[in-house]
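One structure below.
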Amino acid sequence: RDGHAIPHPQLEIRQQATLHGPLIREHTMLQSFNARTQEPFGSSIAPTSAAELEAAIQAADLAFDTWQASDGATRAKLLNALAEAIEHDREKLVELADTETGLGPVRLNGELDRTAFQLRRFATLAETGGAFAFTDDPAVAGAPPAGHPHMMRVRVPLGPVAMFSASNFPFAFSVLGGDTASALAAGCSVVVKAHSGHLHTSQRVFEQSQHAIAKLGLPKGLLQMVQGAGNDVGVNLIKHPRIAAGAFTGSTRGGAALRDAARARVRPIPFYGELGSINPVVATPAALKAGGDALVQTLAGSITLGCGQFCTNPGLLVLQRSAESTEFVNHLVEALKTQKPHAMLTKAMRQSLDHGTAAQLAAGAKALLHTPVAEINPNPYLAEVDAATFMAQHALQEEVFGPATLVVWTDSVEQTLDVLHTVGGSLTVTLWGAEQESADAKRLVRGSTAIAGRVLFAGVPTGVAVTAAQQHGGPWPSSTEPMTTSVGDAALDRFLRPVCLQDMPAWLHKRQGQPC
Ligand code: NAP
């Protein structure tokens with residue numbers, strides 16, 4: 001699944017663009033927009049030139065040289081200072097982000113809290129040795145295979161990381177988001193490619209970060225930021241020989257393009273892409289009956305939360321045909337009618353939502369709730385289709401970013417499993433009705449875990465807790481690296497590479513996993 005191409009009207013590309021250096025267009029000014037009015041917002045911003053990109057990467061590389069050997073306390077000090085910096089500037093940051101994204105102050109204050117929490121959590125992880133975990137294997141006398149030298153398996157930070165921000169999380173998956181926090185905690189430096197949808201918010205978060213870094217007397221290259229029109233800056237960033245890994249949150253199409261660029265390098269590098277997802281909700285008739293109206297309201301709220309602009313938005317409802325399921329869907333239509341989603345992040349996303357729903361209807365889905373409007377605030381959309389058509393039509397299996405959900409009717413557990421298999425990869429599957437152990441419950445659990453990073457047995461998939469057990473990722477197309485997570489403590493592991501030290505000198509052993 002490639003998702004729908006989302007053009008970027010947030011970018012005002014002036015036609016006097018010329019080619020300078022290998023690929024980067026210079027003199028192409030970037031313009032931010034007010035998400036609600038679509039009017040230009042703030043002054044235009046010069047894009048990062050080829051020379052500036054080079055300087056940013058060189059600075060990150062230089063900073064990495066010392067940062068890789070830093071101790072946990074130093075890393076914690078930086079991460080805590082970054083958390084304080086955004087909290088301190090909360091009022092202005094939320095105001096800016098609200099103008100550029102239209103997400104509203106309640107959501108944005110919550111997101112800023114979460115971003116500060118993430119930074120502090122990785123500070124604690126660094127301080128308590130999470131980045132320095134090692135396996136010490138003392139020498140065993142005698143001939144191999146039982147006998148062996150003294151071996152110690154440690155982990156070393158990868159190097160400067162290229163980080164790509166998402167549009168829908170101006171704080172939590174952006175300049176100081178989870179990728180940056182985990183990479184810094186791991187001992188890496190970071191070069192952020194800011195998202196074109198919130199240029200001024202990114203700029204201000206970056207400036208606050210630079211103040212915090214300078215105050216601690218640390219190298220400013222620990223965190224660098226670049227911006228650009230089109231894809232040149234991002235592609236040149238990921239292709240740069242000094243960049244050691246990529247971390248991306250965004251569309252499946254954009255993630256695939258950058259992953260391919262990372263792989264096509266002379267020396268390919270790891271690329272951690274968190275991509276789009278359709279997040280099936282599977283429910284037994286009994287669970288729907290038991291959940292009643294409360295469940296209907298909860299699901300309607302989840303479908304329209306943040307105008308449906310969440311990677312964990314429930315885009316698919318897989319229900320077995322029954323009177324209970326029909327009643328639930330009828331009530332869901334009524335509940336969705338009362339929801340009034342706010343403006344979408346960009347006009348292009350708004351258009352993309354219309355294209356997505358039209359593509360579903362053209363592919364055989366029947367509308368249950370479809371009241372198109374021209375405004376930037378869309379109405380919720382619900383459609384239905386039988387399982388056989390869903391499985392046959394590729395267009396029905398794509399993420400439709402926004403408050404849109406497709407009900408897929410199945411005739412049996414077997415068919416429900418076939419539908420999940422067709423989805424193939426998803427950040428989440430929600431499974432309502434597996435409380436009692438049974439053969440069917442086991443099959444549904446197996447079918448769900450086979451395709452998802454996180455399986456929920458209660459509640460709704462929107463909302464991703466930052467915890468030790470979190471797994472935010474999943475098989476393609478929800479992630480390029482299903483063995484890793486971009487949220488939660490294990491996000492740190494993405495930026496550390498295991499190395500075995502054999503018969504190491506005593507001084508190196510004494511560092512107990514801390515790189516030198
Ligand atoms: P996006 O358009 O893919 O943009 C993400 C970043 O990648 C931006 O910095 C963008 O640069 C850059 N980019 C996009 N395509 C590129 C290409 N071909 N070459 C080089 N750089 C490229 O995604 P978005 O619109 O921000 O986010 C919406 C999507 O993200 C949805 O599908 C949503 O489900 C997904 N998402 C996933 C997660 C997750 O954790 N899995 C979280 C949030 C959102 P420009 O800004 O310059 O275009």
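One-based numbering, in listed order, for ligands and for the atoms of each.
Atoms of ligand 1 lying under 4.0 Å from any heavy atom of Asn168, numbered from 1 in the order shown and given with element: 43 (C), 44 (C). Close approach of ligand 1 to Met349 (heavy-atom distance below 4.0 Å) involves ligand atoms 25 (O). Residue Gly276 approaches ligand 1 through these ligand atoms, each under 4.0 Å from one of its heavy atoms: 32 (O), 34 (O). Heavy-atom contacts of Gly228 reach the following atoms of ligand 1: 47 (O) (cutoff under 4.0 Å). Applying the 4.0 Å criterion to heavy atoms of Ser165 picks out, from ligand 1, the atoms 5 (C), 6 (C), 8 (C), 9 (O). Close contacts between ligand 1 and Thr249 involve ligand atoms 5 (C), 37 (C), 38 (C), 39 (C), 40 (O), 42 (C), 43 (C) [criterion: under 4.0 Å to a heavy atom]. In summary, the atoms of ligand 1 found under 4.0 Å from a heavy atom of Phe248, numbered by their order in the structure, are 3 (O), 5 (C), 6 (C), 7 (O). Below 4.0 Å from some heavy atom of Glu399 lie the following atoms of ligand 1, by number and element: 31 (C), 32 (O), 33 (C), 34 (O).
The shortest N or O to N or O distance between Thr252 and ligand 1 is not below 3.5 Å. Taking any N or O of Ser486, backbone or side chain, none lies under 3.5 Å from an N or O belonging to ligand 1. In terms of polar-atom proximity, defined here as any N/O pair under 3.5 Å, Leu275 does make such a contact with ligand 1. Residue Arg253 has no nitrogen or oxygen atom sitting less than 3.5 Å from a nitrogen or oxygen atom of ligand 1, judged on distance alone. An N or O contact shorter than 3.5 Å links Ser196 to ligand 1 by distance.
Counted by atom type alone, Thr249 and Glu274 present zero donor-acceptor pairs between their side chains at under 3.5 Å.
Residue Leu427 touches ligand 1 through its side chain alone, judged by heavy-atom distances below 4.0 Å. Looking at Gln309 against ligand 1, nothing comes within 4.0 Å, counting heavy atoms.
Electrostatic pairing of Arg155 and Asp493 counts as a salt bridge here, judged by a charged N lying under 4.0 Å from a carboxylate O.
Under a 4.0 Å heavy-atom criterion, Ser479 is not in contact with ligand 1. Proximity of Gly234 to ligand 1 is not established, as no heavy-atom distance is less than 4.0 Å.
For the residues Gly254, Ser251, Gly250, Gly178, the heavy atom positioned nearest atom 3 (O) of ligand 1 is part of Ser251.
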